[in-house]
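Given the structure is predicted, the values throughout are model-derived calculations rather than measurements. Indexing begins at 1, ligand by ligand and atom by atom, following the structure's order.
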Amino acid sequence: METQKFSIAPDGVDPKKVPQRTLYTGARIPAIGLGTFGSDRFSGAEVAEAVLGAAAVGYRHFDCASVYGNEHLIGQSFRTLLRGGLKRDELWVTSKLWNDKHGEKDVAPSCEKSLKDLQLEYLDLYLVHWPLPNYHAPGCDVSSRSPDAKPYIHENYMKTWREMEKLIERGLVRHIGTSNMTVPKLKLVLRDARIKPACNEMELHPHFQQPELFRFVWTSGIQPIGFCPIGSPTRPDRDKTETDTVDIQDPVIVRIAKRLGVHPAVVCVKWAVRRGQVPIPFSIYRHEYLSNLQSTVSDPLTEAGMKEIAGIDRNCRLIKGQVFLWKDGQTWEDLWDPSGEITPP
Ligand SMILES: NC(=O)c1ccc[n+]([C@@H]2O[C@H](COP(=O)([O-])OP(=O)(O)OC[C@H]3O[C@@H](n4cnc5c(N)ncnc54)[C@H](OP(=O)(O)O)[C@@H]3O)[C@@H](O)[C@H]2O)c1
């Protein structure tokens, strides 16, 4: 079979010029990645095609997860890229352990399955996707509950974490990290981990800046990775509530976008990169993912622009996690330890 030589598109961005962040291990992660959650809207094949297209315009960082159901197709894209001459150490690939695989015997097989699907020998980063071990079927309604849902039990999380640590020792993953965490949960993990999380993936966009968690993660030497960086404007209706706001319609974002002659989405990406988190915007459309990448190498936002955007935080969490609640009478806020203490069982 003839292999196609990999090259950067003429209008692409030189990956060497894309900013990078240095982790506490000294490793460097590209300051922007491509999200790969196609949700209900895009097939795995479309997302896998976008991975190929994104690599061709200069992306080197891909945010994957077993629960997205498309790793086996994205793996074919990685194989094409690597056979075409791209080197494995030029790529940054993240995957995530899903909630029904927190059991000590399930962690290594889940990681091995992601590696097999992605056709890779190691992951750059493996995250515990959620701190709660509560399964729900992909695409289910927000009112759906798992009958055996549990609260956060730190002792159990650490059992999972020990298995995550072993993956590093076995060379299957280079870094491990957390996602959807809160300050009190992270404090306990930092107290008890043998290997500290390198990154924490968290929802971050102009209308949801999470200043306290962001600061805590940053000052703990953990790199924040920001999901829904554009405010996930086209997420399924079941994930929307009446009070949700739309970042890309915010007058401040729209005004800055007009001034720069870009789409408001691009302003959100610029804000994220200048603030220091690593955004992972999703798109299968070439003009969108290319403009998101280009935004990291052109016209950074000014200090004044950053200040303006700091002022539009609405504390508007979009991924509320309702399906992970573990008992009747709770509201989604309970998942996020609003009192500053872990919500009691
Ligand atoms: N760790 C976690 O628990 C977690 C949770 C959620 C998401 N994630 C990760 O974060 C990634 C991103 O989140 P997300 O997809 O929900 O939200 P997002 O990246 O904030 O929004 C994606 C949407 O924004 C639009 N868009 C992107 N670039 C654009 C541009 N340059 N101009 C105009 N519109 C643009 C696209 O809409 P159209 O398609 O309509 O053009 C796209 O579908 C996911 O793919 C996934 O990898 C992780």
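- Ligand 1 places these atoms under 4.0 Å from at least one heavy atom of N180: 2 (C), 3 (O).
- Residue contact annotation: M202 has no non-hydrogen atom under 4.0 Å from ligand 1.
- Side-chain rings of F227 and F37 stay apart, their centers remaining 6.0 Å or farther from each other.
- In the candidate list V266, I230, I284, I230 is nearest to atom 20 (O) of ligand 1, counting heavy atoms.
- Applying the 4.0 Å criterion to heavy atoms of N292 picks out, from ligand 1, the atoms 27 (C), 28 (N), 29 (C), 30 (C), 31 (N).
- For atom 13 (O) of ligand 1, the candidate residues are C228, S39, G35; the nearest heavy-atom contact is made by C228.
- Those atoms of ligand 1 that come under 4.0 Å of a heavy atom in F42, given as number and element, are 39 (O).
- A salt bridge does not link D124 to R60: none of the charged nitrogens lies less than 4.0 Å from a carboxylate oxygen.
- Within the listing of ligand 1, atoms 21 (O), 23 (C), 24 (O) sit less than 4.0 angstrom from a heavy atom of P233.
- Considering each of F37, F62, F227, the one bringing a non-hydrogen atom nearest atom 4 (C) of ligand 1 is F227.
- Distances below 4.0 Å separate heavy atoms of H129 from the following atoms of ligand 1: 1 (N), 2 (C), 3 (O).
- Looking only at heavy atoms of the protein, atom 34 (N) of ligand 1 is closest to E288 OE2, 3.4 Å.
- At a heavy-atom distance under 4.0 Å, only side-chain atoms of T234, from C-beta outward, approach ligand 1.
- Looking at heavy atoms from C-beta onward, W218 lies out of side-chain contact with R215 at the 4.5 angstrom threshold.
- When each atom of ligand 1 is checked for a heavy atom of T36 under 4.0 Å away, the hits are 45 (O), 47 (O).
- E71 and S95 are linked by a side-chain donor-acceptor pair at a separation below 3.5 angstrom, with hydrogens and angles left out of the test.
- Aromatic ring pairs are classed by plane angle as parallel below 30°, tilted from 30° to 60° and perpendicular above 60°; the pair F324 and W98 is perpendicular.
- When heavy-atom distances to ligand 1 are checked against a 4.0 Å cut-off, P229 comes that close through both its backbone and its side chain.
- With hydrogens and angles disregarded, no donor-acceptor distance shorter than 3.5 Å links the side chain of S232 to the backbone of C228.
- Scanning all protein heavy atoms for the shortest distance to atom 46 (C) of ligand 1 gives Y68 OH, 3.4 Å.
- Ring geometry for Y157 versus W161: interplanar angle under 30°, hence parallel rather than tilted (30 to 60°).
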Less than 3.5 Å apart, which donor and acceptor atoms pair up between the side chains of residues 191-202 and the rest of the protein, not counting sequence neighbours?
from	atom 1	to	atom 2	distance (Å)
D192	OD2	H154	NE2	2.7
K196	NZ	S220	O	2.6
N200	OD1	T178	OG1	2.8

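- Close placement of the F282 and F42 rings is indicated, their centers lying within 6.0 Å of each other.
- Counting the atoms of ligand 1 from 1 in the order shown, those under 4.0 Å from a heavy atom of S232 are 14 (P), 16 (O), 17 (O), 18 (P), 20 (O), 21 (O).
- Atom 40 (O) of ligand 1 has its closest protein heavy atom at R41 NH2, 3.1 Å.
- Of all protein heavy atoms, the one closest to atom 47 (O) of ligand 1 is D63 OD2, 2.7 Å.
- Contact atoms of ligand 1 toward P281: 19 (O) (distance under 4.0 Å to a heavy atom of the residue).
- For atom 30 (C) of ligand 1, the nearest non-hydrogen atom from the set A272, A265, S295 belongs to A265.
- Stacking of R174 on the aromatic ring of Y122 is recorded, both the 6.0 Å distance cut-off and the 45° axial limit being met.
- Using a 4.0 Å cut-off between charged nitrogen and carboxylate oxygen, K96 and D63 count as a salt-bridge pair.
- Residue Y289 does not touch ligand 1, judged by heavy-atom distances below 4.0 Å.
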Report all side-chain donor-acceptor pairs from residues 335-345 shorter than 3.5 Å, counting only partners two or more places apart or in another chain.
from	atom 1	to	atom 2	distance (Å)
W336	NE1	K320	O	2.9
D337	OD1	T343	N	3.1
D337	OD1	T343	OG1	3.4
D337	OD2	T182	OG1	2.6
D337	OD2	K185	NZ	3.1
S339	OG	E341	N	3.2
T343	OG1	D334	O	2.7

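- For atom 12 (C) of ligand 1, the closest heavy atom belonging to the protein is I280 O, 3.2 Å.
- In terms of protein heavy-atom proximity, atom 42 (C) of ligand 1 is nearest to F282 O, 3.2 Å.
- Here H175 and W92 bring their ring centres to under 6.0 angstrom of each other.
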